[in-house]
Number of protein chains: 2
Amino acid sequence: MNEILEQTLAALADPNRRRVIELLCDQPYTAGELAREIGLSPAALSRHLRVLKSIGMIAEVPLYSDARLRAYALRPQPMADLKTWVTNNEERWTRQMETLARRATSGS
Amino acid sequence: MNEILEQTLAALADPNRRRVIELLCDQPYTAGELAREIGLSPAALSRHLRVLKSIGMIAEVPLYSDARLRAYALRPQPMADLKTWVTNNEERWTRQMETLARRATSGS
DNA sequence: ATAATATTTAATTATATAGTTAATTATTGC
DNA sequence: GCAATAATTAACTATATAATTAAATATTAT
C-alpha cells in the first residue's frame with residue numbers, strides 16, 4: 001500500500017489541509033468550526049475533509065447533541081506511516097554516508 | 001520557512017521523484033542513469049531534478065571524468081525537516097490523547 | 001571542424017486540483 | 001408542516017503539474 005503514503009504526502013502538501021490536521025491535533029472540530037477557523041467556504045472545506053477522510057487521516061465522530069453537526073477527529077495512522085517512511089529513508093542515507101566514510105579511510 | 005516543508009511534501013508526492021530520492025539514498029547517480037533506471041525520458045527526468053534541486057533535496061556533484069555527465073546526490077536537510085514536522089505533529093496528537101484520558105479517569 | 005553524447009529548456013498538450021456559486025440532503029425547532 | 005441551520009455535492013472555472021517532442025547548450029572524441 002504505497003498508495004496511501006503517496007496520498008498522505010499529496011494531502012499534506014496543501015496548506016489548508018495541513019491547517020485542518022494541526023487543529024485536529026489539539027481537539028476534534030466540526031466542519032463549520034474548521035471552515036471559520038481556517039477562513040474557507042464550507043464547500044471548499046468539505047472537499048478538503050473528503051480528501052483527508054478518503055485516506056483515513058480523519059474520521060467522523062458522532063455528535064449526539066445535534067446530528068446536523070459533523071465533528072472530525074484525527075486518525076494518527078497515516079502520519080505514523082509517513083514517519084516510518086521518512087525515518088527509513090534517513091537511515092538508508094546515513095548508512096550510505098557511513099559506507100562512503102569507511103571507503104575513504106580504509107582506502108578504496 | 002514553512003514554504004520548504006510544503007514544497008518537500010509536494011515533491012515527494014510524485015512517485016517518480018520518490019524513486020529518484022530512494023535511488024540517491026544508496027549512491028549518487030547521473031541524470032541519464034536515473035532516467036534509465038526509472039523509465040522516464042531524459043527531458044521528463046530533468047524537470048523532476050529541477051524540482052528537487054529547487055528545494056535543496058539534491059545537489060549536483062561535479063564529475064571530473066566527463067563534464068557532460070551531471071551526477072546528483074541527496075541533501076538530507078529537507079527530509080530531516082519533514083521528519084521534525086511529522087514528529088512534532090505526532091507528539092501533539094499524543095498529548096491530546098493523554099489529556100482526554102486524564103479527563104475521562106478524573107471525571108470531567 | 002564536426003559528429004556524437006549528455007543534459008536541459010521551450011512549446012505544447014493533457015490531466016488534476018482548488019476554489020466558487022448554486023442546488024441538495026438531513027436535522028432541528030417552532 | 002416549514003423555515004432555518006449544517007454540511008455535502010454538482011457544475012464550472014482557473015491554475016498547476018507532468019509528459020512529450022523538438023530545439024538548444026555544452027562537452028567529448030575523431
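So you know, we letter chains A, B, ... as the sequences are listed, proteins then strands, and number each from 1.
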ask   = Expressed in angstrom and rounded to an integer, what is the separation of B:L63 atom CG from C:dT5 atom P?
value = 19 Å
request  = Please go through B:L69's hydrophobic cluster and name the other residues, only I, L, V, M, F, W, Y counting, with side-chain heavy atoms under 4.5 Å joining them.
outcome  = B:L63
request  = Enter the distance from B:I55:CD1 to B:D81:CG here, rounded to the nearest 0.5 Å.
outcome  = 10.5 Å
query = Rounded to the nearest 0.5 Å, what separation is found between the CG atom of A:D26 and the CZ atom of B:R92?
reply = 5.0 Å
request  = Answer yes or no: is there a donor N or O on one side and an acceptor on the other, between the side chain of B:Q96 and the main chain of A:L24, under 3.5 Å?
outcome  = yes
query = CH2/B:W93 to CZ/A:R75 distance, rounded to the nearest 0.5 angstrom?
reply = 7.0 Å
note = To the nearest 0.5 Å, atom NZ of A:K83 lies from atom CG of A:N88 at 11.5 Å
request  = Compare all side-chain heavy atoms of B:V20 with those of B:L45 and state whether any distance is below 4.5 angstrom.
outcome  = yes
query = Which parts of residues 21-39 of chain B get close to DNA chain C, meaning a heavy atom less than 4.0 angstrom away?
reply = B:T30, B:A31, B:G32
Considering only nitrogen or oxygen atoms on both sides, find all protein atoms under 3.5 Å from nucleotides 28-30 of chain C and state each distance.
{"residue": "C:dT28", "atom": "OP1", "partner": "A:A67", "partner atom": "N", "Å": "3.0"}

Under 3.5 Å, which N/O atoms of the protein pair with N/O atoms of nucleotides 18-23 of chain D?
{"residue": "D:dA18", "atom": "OP1", "partner": "B:D14", "partner atom": "OD2", "Å": "3.4"}
{"residue": "D:dA18", "atom": "OP1", "partner": "B:R17", "partner atom": "NH1", "Å": "3.4"}
{"residue": "D:dA18", "atom": "OP1", "partner": "B:R17", "partner atom": "NH2", "Å": "2.8"}
{"residue": "D:dA18", "atom": "OP2", "partner": "B:R17", "partner atom": "NH1", "Å": "3.2"}
{"residue": "D:dA19", "atom": "OP1", "partner": "B:N16", "partner atom": "ND2", "Å": "2.8"}
{"residue": "D:dA19", "atom": "OP2", "partner": "B:H48", "partner atom": "NE2", "Å": "2.5"}
{"residue": "D:dT20", "atom": "OP2", "partner": "B:S41", "partner atom": "OG", "Å": "3.2"}

query = What is the distance, rounded to the nearest whole Å, between atom CG of B:L69 and atom C1' of D:dA29?
reply = 14 Å
message = For residues 61-71 of chain B, which residue pairs pass the side-chain hydrogen bond (donor to acceptor under 3.5 Å, both in side chains) check, not counting sequence neighbours?
response = B:D66-B:R68
message = Just verifying a value: how many Å separate A:L82 CG and B:L9 CG, rounded to the nearest 0.5 Å?
response = 7.5 Å
note = residues 32-47 of chain A vs side-chain hydrogen bond (donor to acceptor under 3.5 Å, both in side chains), sequence neighbours excluded, gives A:T30-A:E33
query = Could you state the interatomic distance from CD1 (A:I38) to CZ (A:R18), rounded to the nearest 0.5 Å?
reply = 11.5 Å
message = Nearest whole Å is fine: how far is C:dT17 P from A:I55 CD1?
response = 12 Å
task = Could you check how far CD of A:E60 sits from C1' of C:dT25, rounded to whole Å?
result = 14 Å
task = May I have the distance from B:L49 (atom CG) to C:dT8 (atom C1'), rounded to whole angstrom?
result = 10 Å
